[in-house]
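Worth saying up front: this structure is predicted, and the values here are computed from it rather than measured. Atoms within a ligand are numbered from 1 in the order they appear, just like the ligands themselves.
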Amino acid sequence: KVVAVIMVGGPTKGTRFRPLSFNTPKPLFPLAGQPMVHHPISACKRIPNLAQIFLIGFYDEKEFALYVSSISNELRVPVRYLKEDKPHGSAGGLYHFRNLIMEDSPSHIFLLNCDVCCNFPLPDMLEAHKRYGGMGTMLVVKVSAESANQFGTLVSDPVTNELLHYTEKPETFVSDLINCGVYIFTPDVFSAIEDVSNDREDRANLRRLSSIDISTSTRTNIPTDFVRLDQDILSPLSGKKQLYTYETMDYWEQIKTPGISLKCSGLYLAQFRLTSPHLLASGDGTRSATVVGDVFVHPSAKVHPTAKIGPNVSISANVRVGPGVRLISCIILDDVELEDNAIVINSIVGWKSSLGRWSRVQADGDYNSKLGITILGESVVVEQEVVVVNSIVLPNKILNVSVQDEIIL
Ligand code: GDD
């Protein structure tokens, strides 16, 4: 049997995702009309002999309760949310729930970060992992040399794929091959984490006994049960024939900002073309709007037949799209009202917001720059004919004049 664990973090994480993470946990933010965490979960469906899926985080259980029960029914695989009482780090969180995770005596454990966007080639990783015969196999990808230092960078043996060297977010260039945050382990990973935490405890005791000046030690502030997968496990175990890499040639993104989430929404919509075309709007028939490229429209949304939408548009529940509206590259969240002839381009429109007639909400679409896409927080009102360009608007604002390149607090 195999189990999958998805690390979802908690409210103190995901702060770069503001204002969209103010009242929705980042893992539940919709990409291509499905919660972010839904994409790795549905990839788990393709794993043979999958017994359970666990989400581990320190958000309140009730935030995930509804989603977890509906997805369990849909997949017919138990999906459980396990809440940490405090953050234990990416490996510590896994270790904290080792008894539950090992309940079905799985031979392998997948471990996925929830904030990465890729096509999760999990069955292929499992095959490769079995061939390598190590304790763990990590999905890796080549990125541009300039961006590599934002990630865990590594060197792997070109012949055996063994992980030879690993440095988390290095200050100088190490390699353009990086850690994707998708792993498969044998249960031996628990002993490796235990060793780190025992080692910490020994050091702490030693310090107490020998009264070493605490301020000179770099490790003193880390509690013994806080273990990071990258620095504490991957770095020390590299070059020891225990860890291996599996390189993906497909798309991969890390979803830390709203700008990137819009890009990832588009990547997942394109993926739906191959895996779940029934989720995409067709635009067929005289009574439906004109659809261009990949578009998701929630069944409860009402879109006027004279509207034109796409490509890369996703429209959530209970949205009302009026006559003549034009939408390009955007995410429209629940309960938004778009009045006649409003235009939205390269933007995310927050829950319950409304756009008046002939208003425009747009940006130049540079996903990597802070104001490259326009974001309206929850319940923002853009009055008629007002134009909002390359701006971030915090919740509950009423805009009655046009703005450009501004953060409206
Ligand atoms: N449950 C729980 N508890 N989850 C956690 C905790 C914790 O204490 N700390 C982090 N996470 C989750 C985050 O929500 C995220 O999904 C994942 O673990 C990794 O988060 P970080 O440890 O903050 O690392 P990162 O996202 O900056 O970078 C990691 O992922 C990159 C790929 O996206 C590293 O592993 C990098 O090497 C890697 O390139």
Please check if the distance between the ring centroids of F226 and H88 is under 6.0 Å. no
d(I331 CD1, S316 OG) to nearest 0.5 Å is 8.0 Å
To check your reading of the model: name the closest protein heavy atom to atom 26 (O) of ligand 1, its residue, and the distance in Å. K256 NZ, 2.7 Å
Is it the side chain (CB and beyond), the backbone, both or neither of L229 that lies under 4.0 Å from ligand 1, heavy atoms counted? neither
What protein heavy atom sits nearest atom 11 (N) of ligand 1, and how far off is it? G9 CA, 4.1 Å
Please examine the side chains of F110 and I47, heavy atoms only from C-beta on, and report whether any two atoms are closer than 4.5 Å. yes
Any nitrogen or oxygen of I178 lying under 3.5 Å from a nitrogen or oxygen in ligand 1? Just yes or no. no
What part of Y59 sits under 4.0 Å from ligand 1 if we count only heavy atoms: the side chain, the backbone, both or neither? neither
Hey, are the side chains of D335 and V319 touching, using non-hydrogen atoms and a 4.5 Å cut-off? no
If we number the atoms of ligand 1 from 1 as shown, the ones under 4.0 Å from a heavy atom of Y183 are 35 (O)
In the protein, which heavy atom is nearest to atom 21 (P) of ligand 1, and how far is it? K13 NZ, 3.9 Å
Which ligand 1 atoms, with their elements, are less than 4.0 angstrom from a heavy-atom of K169? 25 (P), 27 (O), 28 (O)
What atoms in ligand 1 come closer than 4.0 Å to a heavy atom of Y166? 37 (O)
Considering only the protein, which heavy-atom contact is closest to atom 29 (C) of ligand 1, and what is its distance? N113 ND2, 3.8 Å
Nearest 0.5 angstrom please: N346 CG to N312 CG, how far? 8.5 Å
Tell me the contacting part of H88 for ligand 1: side chain, backbone, both, or neither, using a 4.0 Å heavy-atom threshold, strictly below. backbone
Side chains of V381 and L399, heavy atoms from C-beta outward: is any pair under 4.5 Å? no
If you count the atoms of ligand 1 from 1 in the order shown, which ones are under 4.0 Å from a heavy atom of G57? 1 (N)
Quick check: do V292 and K308 have side-chain heavy atoms less than 4.5 Å from each other? yes
Quick check: does W252 get an N/O under 3.5 Å from an N/O on ligand 1? no
Would you please indicate yes or no on a ring centroid separation below 6.0 angstrom for F64 and Y59? yes
C114 heavy atoms within 4.0 Å reach ligand 1 at atoms 16 (O)
Is the contact between D230 and ligand 1 made by the side chain, the backbone, both, or neither, using heavy atoms and a 4.0 Å cut-off? side chain
Could you see which bit of I56 sits under 4.0 Å from ligand 1, with heavy atoms only: side chain, backbone, both or neither? both
Verdict with supporting geometry, S72 and S69, side-chain hydrogen bond (donor to acceptor under 3.5 Å, both in side chains): CA-CA 5 Å; S72 300; S69 77; over 6 Å; no
Can you report which non-hydrogen protein atom sits closest to atom 3 (N) of ligand 1, along with the distance? E84 OE2, 2.8 Å
Show me which atoms of ligand 1 lie under 4.0 Å from any heavy atom of V8. 14 (O)
Which protein non-hydrogen atom lies closest to atom 32 (C) of ligand 1, naming both residue and atom, and how far is it? N179 O, 3.5 Å
Closest to atom 31 (C) of ligand 1 among protein heavy atoms sits Q254 NE2, 3.6 Å
Below 4.0 angstrom from a heavy atom of V116, which ligand 1 atoms are there? Numbered from 1 as shown, please. 33 (O)
Distance-only donor-acceptor hits, side chain of residues 238-246, under 3.5 Å, sequence neighbours excluded:
from : atom 1 : to   : atom 2 : distance (Å)
S238 : OG     : S235 : O      : 2.8
K240 : NZ     : P236 : O      : 2.8
T245 : OG1    : S156 : OG     : 3.2
T245 : OG1    : N161 : O      : 3.2

Tested for side chain to side chain contact (heavy atoms under 4.5 Å, CB included) against V403, the lone hit among V388, V387, T374 is V388
Quick check: G152 and ligand 1, any N/O pair under 3.5 Å apart? yes
To the nearest 0.5 Å, what is the distance between CD1 on I375 and CD1 on I392? 4.5 Å
Output for pair (C180 SG, L112 CG), nearest 0.5 Å, gives 11.5 Å
If every non-hydrogen atom of D294 is compared with every non-hydrogen atom of A270, which pair is closest and at what distance? OD2-CA, 3.3 Å
Where is the nearest protein heavy atom to atom 22 (O) of ligand 1: which residue, which atom, and how far? S90 OG, 4.1 Å
The residue among V155, T153, V174, N179 that forms side chain to side chain contact (heavy atoms under 4.5 Å, CB included) with Y166 is N179
Mark up the atoms of ligand 1 that fall under 4.0 Å of a heavy atom belonging to F58, in ascending order. 3 (N), 7 (C), 8 (O)
Does M7 approach ligand 1 within less than 4.0 angstrom via side chain, backbone, both or neither, non-hydrogen atoms only? both
